[in-house]
Amino acid sequence: MNFLLTASGLRNETLRDALRDMLGKPFGSANVVFVPTASLAESGDHGWFVEDMNRLHSLGWREFDVLELNGLPRQMVLDRLLHADVIYVEGGSHYHLARSITGNGLAEGFLEALENRVYVGVSAGSMIFSRHLTEHSADVIGDTKDLHVLGATTVEPPFGLFDWYLKPHLYSPDFPERDDAWADRITARADFPIYFIDDETAVRVRDGKVDVISEGRWRFQP
């Protein structure tokens, strides 16, 4: 399985080059499926969503599909994932995204699709693979309210692949509270490893090996 887990998508050439390398062929010879599900649980202006979708589309894919995980037959969703070379999962509410995967019985089929495809996550889309995506981590991180707004008090990690947690948008102007002091407060409470990444960074997982590629800044708390 190959993962490129970003905070804000393919914002720079380093991240785009990493995807080209993982894909092993030009974007113009590949199909991408864009999954907007997490964004639908976010209120307010979605200019960030349009900007990122346009950035991805501008790379010139052979086919650019858009796939919502809710409301469609399970097999239709899985067939569309299998048709893609790159599965690109947008940001928003990681809790809504996780619950959409588990609630629609997609986890097993999703993992099977990932065996021969490249997964690109954006923010929420990068957070759903940790086994620590639970109500405990929500309390540690301080975003329990984002779970409660969905009418939920618990969340089940849909995949549980990684022992570490990823927290995006470190030092981001869109999230001015996410500075070193914010990260320090979280790490003081956390009983699990955390990658904090800024908007120019990605955690890459390739054949089980984890590294960080970046034109920006990041932190790791083991």
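Each residue takes its place number in the sequence, starting with 1.
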**Study point:** Full working for ring pair (Phe, Tyr, Trp, His ring centres under 6.0 Å) between Phe34 and Phe49
**Key:** CA-CA 11 Å; Phe34 179 89; Phe49 169 85; 5.6 Å; yes
Review point. Are Val122 and Phe196 in one and the same hydrophobic cluster, where Ile, Leu, Val, Met, Phe, Trp and Tyr link if side-chain heavy atoms are under 4.5 Å apart?
Key: no
Exercise for review: Find out whether Ser8 and Thr6 are in side-chain contact, i.e. whether some heavy atom of one side chain is under 4.5 Å from a heavy atom of the other.
Suggested key: no
**Study point:** Cluster overlap Ile213 with Phe162, hydrophobic side-chain contacts below 4.5 Å
**Key:** no
Practice item. Mark yes or no for whether Asp85, through its side chain, and Asn31, through its backbone, hold a donor-acceptor pair below 3.5 Å. Key: yes
Check your understanding: Is the backbone of Ala38 close enough, under 3.5 Å, to the side chain of His94 for a donor and an acceptor to pair up by distance?
Key -> no
Check your understanding: Under 4.5 Å between any side-chain heavy atoms of Met127 and Lys167, yes or no?
Key -> yes
Review point. If we only count heavy atoms from C-beta on, is the Phe27 to Val86 side-chain gap below 4.5 Å?
Key: no
Check your understanding: Ion pair present between Glu68 and Arg80, side-chain N to carboxylate O less than 4.0 angstrom?
Key -> no
Check your understanding: Under the 3.5 angstrom rule, does the side chain of Glu200 hit a backbone N or O of Ser214 as a donor-acceptor pair?
Key -> no
Exercise for review: Using a 4.5 Å cut-off on heavy atoms from C-beta on, say whether the side chain of His148 contacts that of Glu135.
Suggested key: no
**Study point:** Option passing side chain to side chain donor-acceptor pair (under 3.5 Å) with His169 (candidates Asp174, Asp198, Asp199)
**Key:** Asp199
**Study point:** Check: Arg117 side chain, Ala84 main-chain N or O, donor-acceptor pair, under 3.5 Å
**Key:** yes
**Study point:** Test item: Trp48 and Glu90 side chains (from C-beta on) under 4.5 Å apart, heavy atoms
**Key:** yes
Point to revise | Minimum side-chain heavy-atom gap Leu111-Leu161 below 4.5 Å | key: yes
Exercise for review: Answer yes or no: is there a side-chain heavy-atom contact under 4.5 Å between Tyr165 and Val140?
Suggested key: no
Practice item. Report yes if some heavy atom in the side chain of Arg217 is under 4.5 Å from a heavy atom in the side chain of Thr201; otherwise report no. Key: no
Check your understanding: For the residue pair Phe129 and Tyr119, does the interplanar ring angle fall in the parallel (under 30°), tilted (30 to 60°) or perpendicular (over 60°) class?
Key -> perpendicular
